[in-house]
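Reviewing the structure listed below.
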Amino acid sequence: MNFSTLLFVSLFCGLILAQDGVNAPETGKISKRHQCFPDMCKVLQEFHAMKQKLGVLETRLKNSENQILELQNIERTKVIFSAATGGNGALGPFNTDTTLVYRAVKTNIGKAYNQATGIFTAPVKGIYYFTFFYHAGGAQPARLFLMRNKQIVAATSDHSTSYDGADNGGNAVFLQLQRGDHVYVRLCAHTHVWQNDAITTFSGFLVGQV
Amino acid sequence: MNFSTLLFVSLFCGLILAQDGVNAPETGKISKRHQCFPDMCKVLQEFHAMKQKLGVLETRLKNSENQILELQNIERTKVIFSAATGGNGALGPFNTDTTLVYRAVKTNIGKAYNQATGIFTAPVKGIYYFTFFYHAGGAQPARLFLMRNKQIVAATSDHSTSYDGADNGGNAVFLQLQRGDHVYVRLCAHTHVWQNDAITTFSGFLVGQV
Amino acid sequence: MNFSTLLFVSLFCGLILAQDGVNAPETGKISKRHQCFPDMCKVLQEFHAMKQKLGVLETRLKNSENQILELQNIERTKVIFSAATGGNGALGPFNTDTTLVYRAVKTNIGKAYNQATGIFTAPVKGIYYFTFFYHAGGAQPARLFLMRNKQIVAATSDHSTSYDGADNGGNAVFLQLQRGDHVYVRLCAHTHVWQNDAITTFSGFLVGQV
């Protein structure tokens, strides 16, 4: 309670006492008034305390609102994609390593996968899951690397064989990425895969931000 | 502050001034009373302001409570399943396309996968992840399509061969589904897979609601 | 409102009425004072109501803060790992079943995967996703089981063949685990896989706590 309120309280209590003198109340009435005098002072004290408490609650509420906003932002940040090569027949072999471009996009929430280049670019720092599968004829080998920037992070491959018309492969990995990291599938030189809208695929999603 | 309160405040302040006249206080005391007079008015004004602020905080708190409820609902909505075919030996070939029924259920949180029909039905609109793997003997080809309603969304297959006792395949995809969409694995006509509790499987989960 | 405050209110209202008598105000002024008298009582009643409301808001805010904390804890509990065998060439065959130790760890958020033993230990009860892939030469069979404690939960395998230089396999499953459950990959006796930093892998993550 500040000084002027305190002064007011004592003057107010003093005023009531003076009024008692002017009105010459009977003895019983003075006693009751004396009983009530502390209540008004108490009310003022409680008012002051309530004012402080309200300020504290407002601060806590503000913190809660900020934390809710943060949780909502995390929940709304979705990065999820799936694509197949599209096309028909054999893709490759090429004389050099080639980035596989998966043109038949099924899902691309967050638009982090670029269907023109085949490159996924991490929009936020976080842990991502990637998985890729291929189908290939047996006449040529198949070798695919999942790349993070210039590093091989997963692989799948198969030899060529005359005796097996086709083979399959795939792999998966969880990677911690920085914002801007590139992830893509490299078709190694002199190897091939089979193309269509469903069989040779590349998928991934943001698992969580760290 | 409403009109009657304002009126009361001025009357109250006026009353105190009149009392000063009746009590003929010494000059010093009048000055102090005049200093305190604005405090009670101020208290009443602050009280009114506090009342409004309390109303605003209550509205903000209600909003926060609703947002928390929404975040909790999202967190509690879990749809996750895994199942294997169960059974023994070769399943197929059949003369027609057949929905693969995975009877050996390992997990079925949210009960969206129907182990009697092999069909997963999306309980809420959202992005889902599906993955399926098969093992098959070499004597017959294998061809499996992951279907969303009537559309092929992923595939895996292999030729028959006398020279390779068995082969494996699989695939995965992230799909945006509407509530009620059906996702299931089709075993194509004239192809087969190998059955047991662990090797030919179908799994999926709700990644996020959009 | 408590008894002494009620007594004060009636005395205060009575005091103002008595003052009217002492000051012998003109008829008009008494009427206005009578109009304002209920306001102070009303203010005290409202003050009491506000005090109660503030208490209720504080309780609700406390609940909200606890719920936010719970949501934050869930969001922060991340368990995500990926590892490849590392090494070179063929791993196996061994005369007994062997736990595959994936030494080339790519990710191990939550440190639940032990790269010395190959065993993942669930740090919290929840639903987890596991996936594993292998590559193996054709000269020996390959057979891998994903184990939960002593139970086979997923499998992948291939026969040996002279006619196919290599083969691939893999599988995935969602499992509900208790805290402390062990999940690992068993390389079955007399079978082998191919080792390197990228091709024979084991990965998993905590999907959600239940």
Side-chain angles (χ1 to χ4, degrees), chain A residues 16 19-20 22-23 25 29 32-33 35-40 42-43 46-47 50 53-54 56-57 60-61 63-64 67-68 70-71 74-75 127 129 131 133 138 141 145-146 148 152-164 167-176 207-210, chain C residues 2 4-5 7-12 14-15 18-19 21-22 44 47-48 50-51 54 57-58 61-62 64-65 68-69 71-72 75-76 78 80-84 106-107 109 129 131-133 135 137-138 161-170 172 194 196-201 203-205:
Chain A
I16 300 298
Q19 286 310 309
D20 276 348
V22 168
N23 290 324
K29 233 182 171 181
K32 285 184 195 162
R33 279 211 193 95
Q35 277 175 24
C36 296
F37 295 163
D39 284 353
M40 190 56 186
K42 189 180 169 193
V43 163
E46 286 184 5
F47 175 81
M50 239 174 71
K53 190 173 199 176
L54 196 62
V56 168
L57 286 194
R60 283 169 60 184
L61 181 56
N63 283 345
S64 291
Q67 292 174 335
I68 290 170
E70 201 181 309
L71 284 167
I74 289 172
E75 203 284 321
I127 313 279
Y129 174 72
T131 186
F133 292 84
F145 293 155
L146 183 71
R148 173 197 174 170
I152 299 170
V153 290
T156 184
S157 66
D158 205 356
H159 301 189
S160 60
T161 170
S162 314
Y163 297 97
D164 191 358
D167 265 324
N168 300 309
N171 221 321
V173 69
F174 289 97
L175 292 176
Q176 185 153 358
V207 182
Q209 298 181 53
V210 282
Chain C
N2 62 30
S4 52
T5 309
L7 192 56
F8 163 74
V9 167
S10 28
L11 277 173
F12 182 77
L15 177 70
Q19 285 311 307
V22 167
L44 283 170
F47 175 81
H48 181 78
M50 241 174 71
K51 205 170 138 193
L54 196 62
L57 286 194
E58 189 177 23
L61 181 57
K62 186 68 194 156
S64 291
E65 288 168 336
I68 289 170
L69 205 62
L71 284 166
Q72 287 173 327
E75 204 284 322
R76 287 170 189 159
K78 292 184 175 57
I80 311 169
F81 78 99
S82 271
K106 306 243 176 330
T107 303
I109 306 288
Y129 175 73
T131 187
F132 61 116
F133 292 84
H135 178 78
T161 171
S162 315
Y163 297 96
D164 192 356
D167 264 325
N168 301 309
W194 194 256
N196 69 27
D197 281 355
I199 207 162
T200 295
T201 64
S203 301
F205 83 110

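Lettering follows sequence order; numbering is per chain, from 1.
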Bottom line for A:Val173: the part with an atom under 4.5 Å from chain C's heavy atoms is both

Part of C:Glu58 within contact of chain A (heavy atom distance under 4.5 Å):
both

Under 3.5 Å, is there a donor-acceptor pair between the side chain of C:Asn168 and the main chain of A:Ser157?
yes

Measure the CZ-CZ distance between A:Phe174 and C:Phe205 for me, rounded to the nearest 0.5 Å.
5.0 Å

Less than 4.5 Å to any heavy atom of chain C: does that hold for the side chain of A:Phe47, its backbone, both, or neither?
both

Taking the side chain as everything from C-beta on, heavy atoms only, tell me whether A:Thr156 gets closer than 4.5 Å to C:Phe133.
no

When the 4.5 angstrom heavy-atom criterion is applied to C:Ile68 and chain A, the contacting part is both

Toward chain C, the part of A:Glu46 with a non-hydrogen atom under 4.5 Å
both

Given the rule in the side chain to side chain contact (heavy atoms under 4.5 Å, CB included) test, do A:Leu54 and A:Met50 qualify, once you have shown the distances and angles that lead to the verdict?
CA-CA 6 Å; A:Leu54 196 62; A:Met50 239 174 71; over 6 Å; no

Mind ranking A:Asn171, A:Leu71, A:Ile127 by heavy-atom pairs under 4.5 Å with chain C and telling me who comes out on top?
A:Asn171

Heavy-atom pairs under 4.5 Å with chain A - which of C:Leu57, C:Thr201, C:Thr131 has more of them than the others?
C:Thr201

Sorted by chain and residue number, the salt bridge (charged side-chain N to carboxylate O under 4.0 Å, His left out) partners of C:Lys62 (sequence neighbours excluded) come out as none

Given heavy-atom pairs under 4.5 angstrom as the criterion, report whether the side chain, backbone, both or neither of C:Lys78 touches chain A.
side chain

What pairs with C:Phe132 under ring pair (Phe, Tyr, Trp, His ring centres under 6.0 Å), at least two apart in sequence or on another chain?
none

